[in-house]
Amino acid sequence: MAGKIQFYLLDLTYKIISDKAQICIFGKTPENERVMLLDPEFRPYFYVIPKKSTSAVIEKLKNLKVEKRDIIASVTSTEIVKKRYMGEEVEAIKVYANLPKSVPALANEAKKWDIVRFCNEYDILFTRKYLIDNNLVPMTLHEADAEEIQQGFRISTYNISGISQVGGDYLENQRILAFDIETYHPGGKIDSAKNPVIMISFYSKGFRKVITYKKFRTKHDYIEFVDDEPHLLERFKEIIERFKPDIITGYNSDSFDFPYLRARAKKYRIKLNIGIDSKDIKFGRGIYPSAQINGIVHIDIFQFIRRNIGQSLKTDSYKLDLVAQEILGEKKIDVDIENLAESWRKGTGLEHYAEYNLNDSKLVYDLCDRFMPNIIEFTKLTGITAFDVIRMGFSQIVEAYLLKQAPKFNIIAPNKPGHDEIKQRRMATYHGAFVYQPTPGLYKDIIVFDFRSLYPTIISSHNIGPGTLNCSCCKDETEFAPTDKGKYWFCKKRKGFIPTIIDDVITRRMRIKEIIKKDKKNKDKAADILLDARQYSLKIMGNSFYGYMGFFGARWYSIECARSITAYGRYYITKVIDQAKKEGFNVIYSDTDSIFMTLDRKTRKEVETFGDKINTELPGIMELELEGFFPSGIFVHAKVGPYGAKKKYALLSEDGKIKITGFETVRSNWSDIAKEVQEEVLRIILKENDKEKAFQYVQTVIKRLNDRKVALDKVMMHTKLTKEIDEYESIGPHVAIAKKMQAKGIDVAPGMIIKYIIGKGKGRIRDRAKFPSECEEGDYDPEYYINNQVIPAIDKIFEVIGYSKSEILMAEDQKDLKSFFG
DNA sequence: TACGGGCGGGG
DNA sequence: GTGTACGCCCGTA
């Protein structure tokens, strides 16, 4: 039956059917039917820009054949096109290839020819090209001519042609299914080869379920018992198949839940074929693993939060507990996960773990639900799938957006840099942001101002981009960017590609913010959330262009542009600082786009008036914003690097929270004593405003360490083994301990956390690492814990309130002397 | 100083 | 899958 079909485009891939690539779209109709759509018309291609003779290049291309593994790459046809490339008009050849895989093979060959100037767009994925060229937007409604076919898949399949987006309707009320697994992990060992999955929970709107296979009495009707682990896995599949989610979500499910389930399923020869086309889960390899399911969008919400939301969060750890607390105001259920293995063995207390397991899924569901508008906005902006967009960093998101926009400007995209190019780019440095060094110390009543979107507004108003840089038509212009290195100017006659794009991003965001302001009266909450997500996505996008142009991996890389942007930034911020000083404000610190001043005898009203005055003087859309008031803060000397100084300060906000910026975070593999001291020192200094007390506190800790009165628990180090002992080339302290354990006949394996204590003695740390059970209380090296743990955690703080590292250490000696003589 | 290794999230 | 990749810090050699 031929006719039109409408569907929301969730995801896509391609299949090779009778030696031809066919785009395969997974969609959902407005009637909630899941469908698969095959588009055989789209052909793989790339561009060749000839040096002189186009026809000569075409002749040579026609005969080009390259053998690559199992295929023979060949050119099927060519087409001459007029395009723009890096601000220049060019005549290019659009080269069509027999298969997607052929494209890089052919391009790499043609690149070597003398008569060829450039080869481009051979490294943009086939499916992504399809989305770009057809102007499609995942998660939104599309229409195509369709004919149903029998393909043997378990869902309705159609051959389609003439696909196009229909309006901006996006998939609302998505069926989101959150899940979470619990595993057996004796001794804290995560080992998917040995230890079973023991519980799986699901959560969605109106749906709760925990499956496990050790029976216990329970009041909860959502708990379901199966016979054993294989049945647990089968039930896991069954629930997903029955629920028919559009989106499946987990927390770190790319790296933990799905890989773990895969390992367990493999053991029992169970296929995890939960794709709507009955295909197995696809596991992406590499530094960031991923799990992809055909037709179900897998959102690892941890990935999205870490990459795209992280910057705006106060927490610097992305543990589910902390993230949920900050975003949802909810905590995880308090259980000791270390005891789960024992509970499981004994079969006691499992109901509580089931509640915990379900609650984790609920938190994950709520997080996914909360960020769905943002995710959808990012997909709409970039036109890439939700699966991809949540796994991308900012620069990749910017690039995706530029790649989508480029054809509309008839632009051929620059290539990704190769290894040598990256090496060179990494070496290039440039002068970063302006930093007004604070006088180290404690301050009261701090006011913080910052420029809203400083760099984007600079890019827009000065027309900065690789395509407008040092154009020949404006050679005689006198306005140069205020850089201290190189002479750069930007075209005054023609608006560039990147400035046009960023202008669009900024004005769209301003329009949305205006609507939000007006809507405040209507109190349409749902609409507000969407609008807010939209403006946030645009903000993130806009702010990322500068970093993108300075990023070594960028296609539209331009260090000259990055240099010019920071130069203008320095120019504007110093202007504001001068103005503030003129008005009698005490400026204590400034970095990039923010200015810190103290209130002193001024009133808050005067502060606001100052902000307003500056804003009337700023050009165009540039704006200075009052970030807030802070009762106290401590500032640390900042080291100036190529990208500007790092912010290093801790502020006490009006609601009593301490916000730490830029201090070396005390990491989880540090001892508790170091963490404890850092927190306490900041608390005393900021809340009690008592430097001496903080100093004395550290003295007490050092003394307690020296007197060996600190509990072993607090000096315990823990490091995870990540591979087999024999595979280690260099022997760190944890490896040394693991070797000793092995010698004692204790089973050690990757994933195990090795606990050790640094004992007294000379020589390498690793030779002094001790097995905790060998140690009695006080059996540790005070020197190591003072010098390598406590001092590094707090020396930066004390440095700025007037105590040097040696003073902290000396004082203890003197006291000893005093007590000795006294 | 260069380089190998661990961490992050998950249990 | 038009693949092969993060950024930072610590300790050892």
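Naming: A, B, ... by sequence-line order, numbering from 1 per chain.
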Whom does B:dC7 pair with, Watson-Crick or G-U wobble, provided both distances fall under 3.5 Å? C:dG7

Taking the P atom in each of C:dG3 and B:dG10, what is the distance between them to the nearest angstrom? 33 Å

Does the distance from a Lys or Arg side-chain N to an Asp or Glu carboxylate O, for A:Asp366 and A:Arg370, drop under 4.0 Å? no

Taking C:dG3, B:dG11, C:dG7 as options, the one with an atom nearest any side-chain atom of A:Glu338 is B:dG11

Mind checking if A:Leu99 touches a base, just sugar-phosphate, or nothing, with heavy atoms under 4.0 Å? nothing

Side chain of A:Asp180 - closest among C:dG7, B:dG9, B:dG11: B:dG11

Nearest of B:dG11, C:dG11, C:dG1 to any side-chain atom of A:Lys101? C:dG1

Take A:Glu229 and A:Lys267 through the salt bridge (Lys or Arg N to Asp or Glu O under 4.0 Å) test and state the conclusion after the steps. CA-CA 11 Å; A:Glu229 197 189 12; A:Lys267 183 181 163 80; over 6 Å; no

For B:dG9, does the O4'-C1'-N9-C4 or O4'-C1'-N1-C2 angle fall within 90° of 0, making it syn, or is it anti? syn

Which of B:dG11, B:dG10, C:dG7 is nearest the side chain of A:Glu182? It is B:dG11

Partner lookup for C:dT12, please. Criteria are Watson-Crick or G-U wobble with both distances under 3.5 angstrom; report none if nothing qualifies. B:dA2

Using whole Å, what does the distance between atom C1' of nucleotide C:dC6 and atom CZ of A:Arg306 come to? 8 Å

With rounding to whole Å, what would you report as the distance between C:dC9 and C:dA5 at their P atoms? 23 Å

Which sits closer to the 5' end of DNA chain C, A:Tyr288 or A:Tyr14, going by the nucleotide each is nearest to? A:Tyr14

Hey, mind stepping through A:Phe236 and A:Phe202 against ring-ring contact (aromatic ring centres under 6.0 Å, His included) and telling me if it holds? CA-CA 9 Å; A:Phe236 170 78; A:Phe202 291 97; 5.7 Å; yes

Please report, rounded to the nearest Å, how far the P atom of C:dA13 is from the CG atom of A:Asp767. 9 Å

When we call it a touch if two heavy atoms are under 4.0 Å apart, what does A:Tyr45 touch: a base, just sugar-phosphate, or nothing? base

Closest nucleotide among B:dG10, C:dG11, B:dG11 to the A:Tyr784 side chain: C:dG11

Does the side chain of A:Val790 come within less than 4.5 Å of A:Ile673's, by heavy atoms? yes

I need the CZ-P distance between A:Phe302 and B:dG9, as an integer number of Å. 5 Å

Atom CG of A:Asn308 to atom C1' of C:dC6: distance rounded to whole Å? 15 Å

Answer with base, sugar-phosphate or nothing: what part of the nucleic acid does A:Lys332 contact at a heavy-atom distance below 4.0 Å? sugar-phosphate

So which nucleotide from B:dG11, B:dG9, C:dG1 ends up closest to the side chain of A:Leu125? C:dG1

Assign each of A:Tyr184 and A:Val735 to its nearest nucleotide of DNA chain B by heavy atoms, then name whichever residue's nucleotide is nearer the 5' end. A:Val735

Roughly, in whole Å, what's the span from CZ in A:Phe283 to P in C:dA5? 22 Å

Are any of the side-chain heavy atoms of A:Trp344 and A:Glu182 separated by less than 4.5 Å? no

Of the options B:dG10, C:dG11, C:dG7, whose atoms approach the side-chain atoms of A:Phe256 most closely? B:dG10

So what does A:Ser317 hit on the nucleic acid, given a heavy-atom distance under 4.0 Å: a base, only sugar-phosphate, or nothing? sugar-phosphate

Report which part of the nucleic acid A:Arg766 touches: base, sugar-phosphate, or nothing (heavy-atom distance under 4.0 Å, all strands). sugar-phosphate

Write down the distance between NE2 (A:His734) and C1' (C:dT12), rounded to a whole number of angstrom. 12 Å

Over all strands shown, is A:Thr183 touching base, sugar-phosphate only, or nothing at heavy-atom distances under 4.0 angstrom? sugar-phosphate

Which of A:Val75, A:Leu106, A:Ile72 passes side chain to side chain contact (heavy atoms under 4.5 Å, CB included) with A:Lys65? It is A:Ile72

Counting any heavy atom closer than 4.0 Å, what does A:Asp360 reach on the DNA or RNA strands: base, sugar-phosphate only, or nothing? sugar-phosphate

Nearest-Å distance, CG (A:Leu232) to C1' (B:dG11)? 15 Å

At 4.0 Å (heavy atoms only), tell me whether A:Asp300 reaches a base, stays on the sugar-phosphate, or touches nothing. nothing

Expressed in whole Å, how much space separates the P atoms belonging to C:dT4 and B:dG11? 31 Å

Under 4.0 angstrom, heavy atoms only, what part of the nucleic acid is A:Ile337 near: base, sugar-phosphate, or nothing? sugar-phosphate

Does a side chain donor of either A:Asn294 or A:Asp11 reach within less than 3.5 Å of an acceptor in the other side chain? no

Nearest whole angstrom, please: distance from the P of C:dC9 to the CE of A:Met717. 17 Å

